[in-house]
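Just so it is clear, the structure is predicted and the values come from calculations on it, not from any experiment. Quick note on labels: first sequence line is chain A, next is B, and so on, each numbered from 1.
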Amino acid sequence: MIVKDHIQHILKEAVQLAMATHDQSFIELGDIEIEIPKKEEHGDFATNFALKASKKLGVPPRDLAQTIIEKIQSLVPDATLSVAGPGFINIKMPSSFWQNYILDIVKQGQSFGKTDYGQHKSVNIEFVSGNPTGPLHIGHVRGAVIGQIISNILEYSGYDVTREYYINDAGLQVEKLARSTYLRYREALGEHIEDIPEGLYPGDYLIQVGQDLVQKYGSKWLDTPEDEWIPIFREDAISAMMALIKKDLKELDIYFDLFSSEKALITEGKVDSALDELLKRDLIYTGTLPKPQSLQSNDDWTPEELLLFRSTQFGDEIDRPLKKVDGQLTYFASDIAYHYDKFMRNHERLINIWGADHGGYIPRLSSAVSAITDNKCQVEIKTCQMVKLTRGGEEIKMSKRAGTFVTLQDLIGEVGKDVIFFTVATKSSNTQFNFDLDAVTKQSMDNPVYYVQYAHARASSVLRKAADTFDIDLSSPDYDLRSLKDPQELSLIRKMSHFTHLIQLASEKLEPHIITDYLYELSSSFHSLWNSGKKNDELRFIQEENLENTVAKVLLVKAFQTVIANGLRCSNVVPMDTMERAIPVEDAPENSIKQA
RNA sequence: GCGCCCUUAGCUCAGUUGGAUAGAGCGUUGGUUUCCGGAGCCAGAGGCCAGAGGUUCGAAUCCUCUAGGGCGCACCA
């Protein structure tokens with residue numbers, strides 16, 4: 001049960017009773033919103049309903065609020081209610097309500113926070129999808145983190161989630177990969193290769209692949225024509241690159257349910273049949289594009305006949321090509337087929353996590369998906385801005401051309417997976433932000449993820465100590481929780497209760513930072529309560545002379561630990577029972593990320 | 001030139017879909033160890049929410065314009 005929903009239910013009933021009192025026939029008043037006040041003086045829950053409805057009903061807001069309050073009181077006799085300010089209704093639940101709530105949390109354990117809000121709808125989420133032309137790098141990190149956490153959150157919210165990686169293994173880029181690999185192959189056979197030509201992939205990671213191919217084939221391909229070795233080298237290089245990428249993903253604790261191949265889509269004829277579908281709907285024609293606006297008026301421009309999709313019918317600026325002049329399919333064409341394929345696999349929601357640099361591509365794809373699925377499916381595309389990597393205020397530039405990019409491996413080596421996840425997730429995905437290496441390495445002690453981990457470890461420590469000191473049986477059905485009456489304790493429980501609806505909120509907005517921010521705040525309340533135990537013995541968790549109180553406190557700590565652990569798991573961070581695994585500053589690895 | 005996104009404390013960012021006195025961390029100033037882990041806690045300073053209009057009981061949030069930054073604008077994926 002989500003507490004907020006429960007309260008909303010009660011409020012709804014109270015409003016209906018109040019309407020009768022005011023002699024109003026039913027009027028459409030919209031949703032009754034419950035909010036959790038920022039200030040605790042404003043109670044556990046609040047609603048602005050009276051403010052919103054007063055005009056329609058012709059009753060002053062405070063009067064209306066008073067009537068509603070009386071009705072709520074009759075439904076929940078032991079709640080404390082008040083009218084505040086211009087007409088807010090503040091609701092404060094009795095201590096016993098919160099005390100009993102921790103039993104719910106402890107009982108649910110790892111399931112606490114899960115709901116069936118998503119009704120087991122099938123969601124497909126596609127993310128990372130880096131080209132199979134090299135290892136993952138800093139440009140992929142945000143999509144990886146956001147996609148993975150959103151997947152976790154959606155699962156918690158009761159969706160059936162399929163994590164999918166789309167491999168762009170057709171087209172020009174993988175051909176360039178094949179050519180680059182061929183050069184490394186010749187190099188491994190003793191030939192001196194000056195420089196990897198402009199436009200090919202110069203990265204060192206292909207050296208090993210070249211050597212492996214010599215092991216596999218010997219000098220067999222040295223003097224053969226291009227069209228014989230290209231397919232071989234393409235396949236072998238792609239699988240080598242995917243092995244690298246999968247290794248990167250494994251280190252981030254990201255596992256995909258499915259890797260889909262663009263090439264397979266084409267060879268299986270799925271692209272052709274998707275285009276047929278669009279043709280049936282009269283959305284494809286052969287025509288010419290207008291002159292691009294980015295060209296100057298005196299630039300050369302020869303219009304060409306192309307196969308086009310009528311994306312202008314859906315608000316796009318121009319119609320978009322499905323085939324190139326030479327008759328080859330465009331990436332767009334196979335992307336339509338790919339999304340159609342996902343739809344045909346019975347996914348009800350299609351989510352894509354993209355870099356902001358693909359923003360211009362959204363209108364054409366979403367219009368194509370709407371068209372081909374007859375509006376049964378709307379693709380949801382979440383873009384995230386690039387992460388700017390800085391050290392000491394200086395930006396670390398990357399250049400694919402020069403091969404000077406920061407790999408994900410470098411980043412993991414320097415700051416660790418948990419730090420990456422938490423740091424990236426804490427920012428809302430559509431803002432630009434600086435990932436400052438100094439801030440997360442030199443001062444790693446102050447890093448938010450350790451703060452949260454420390455709270456979890458502290459809770460674990462209390463539970464260990466309690467088990468050593470007392471023989472506590474937490475399975476006994478009767479607890480006296482009345483000693484949990486301090487405002488700090490009740491406030492902590494209240495915050496724990498927010499977890500479930502924040503998971504839902506995060507799953508609606510597709511925003512991981514809602515969870516990581518929450519974990520930080522919850523941890524802060526716990527650390528604060530802990531320290532209050534220094535001054536006030538009654539707040540100490542373990543009270544050697546008072547078993548009854550200790551049991552209550554231990555349950556509180558257990559509940560707290562449960563919520564933090566669940567939240568960390570959502571954030572793809574493994575909860576720690578001790579802090580030993582954290583990297584001390586002096587043992588941190590040497591800086592492997594150099595200024596370009 | 002056109003389109004999308006962004007602008008909140010010195011720095012990095014929140015702000016519960018229009019609510020109550022705009023909040024955290026870092027940095028800074030001061031305090032805090034008899035103790036279940038001090039990687040913690042408590043207090044202070046720091047704001048014209050980029051700027052100007054508008055919408056209404058009420059705006060950081062919605063609309064218009066302006067300034068600054070990011071991204072995109074051919075058949076490359």
State which residues pass side chain to side chain contact (heavy atoms under 4.5 Å, CB included) with [X]; sequence neighbours excluded, sorted by chain then number.
X: A/S180; answer: A/L200, A/Y201, A/L206
X: A/Y285; answer: A/L308, A/R310, A/D319
X: A/N546; answer: A/Q543, A/E548, A/N549
X: A/E538; answer: A/K485, A/N536

Just the rounded figure in Å: distance from P of B/A77 to OH of A/Y361. 9 Å
Just jot down the salt bridge (charged side-chain N to carboxylate O under 4.0 Å, His left out) partners of [X], sequence neighbours excluded, or say none.
X: A/K263; result: A/E235
X: A/E40; result: A/R494
X: A/D335; result: none

Going by the rule side-chain hydrogen bond (donor to acceptor under 3.5 Å, both in side chains), which residues pair with A/K270 if we only count those two or more places apart in sequence or in a different chain? A/E268, A/D341
Which parts of nucleotides 4-9 of chain B does protein reach within less than 4.0 Å, heavy atoms only, written one letter per nucleotide 5' to 3' as B for base, S for sugar-phosphate only and - for none? -SS---
Nearest of B/A14, B/C75, B/A39 to any side-chain atom of A/M579?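 Ranking B/A14, B/C75, B/A39 by closest atom to the A/M579 side chain puts B/A39 first.
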Pairwise N/O distances under 3.5 Å, protein to nucleotides 32-35 of chain B:
from  : atom 1 : to     : atom 2 : distance (Å)
B/C35 : O2     : A/R540 : NH1    : 2.7

Only stems of 3 or more consecutive Watson-Crick or G-U pairs count here, both distances under 3.5 Å; name the ones for RNA chain B, or none.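 As far as RNA chain B goes, consecutive pairing (with distances under 3.5 Å) yields the stems B:1-7 with B:67-73, B:10-13 with B:23-26, B:28-32 with B:40-44, B:50-54 with B:62-66.
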Anything under 3.5 Å between a protein N or O and an N or O of nucleotides 19-21 of chain B, put it in a table, one pair a line.
from  : atom 1 : to    : atom 2 : distance (Å)
B/G19 : N7     : A/N48 : ND2    : 2.8
B/A20 : OP2    : A/K38 : NZ     : 2.9
B/A20 : N6     : A/N90 : OD1    : 3.0
B/A20 : N1     : A/N90 : OD1    : 3.3
B/A20 : N1     : A/N90 : ND2    : 3.3

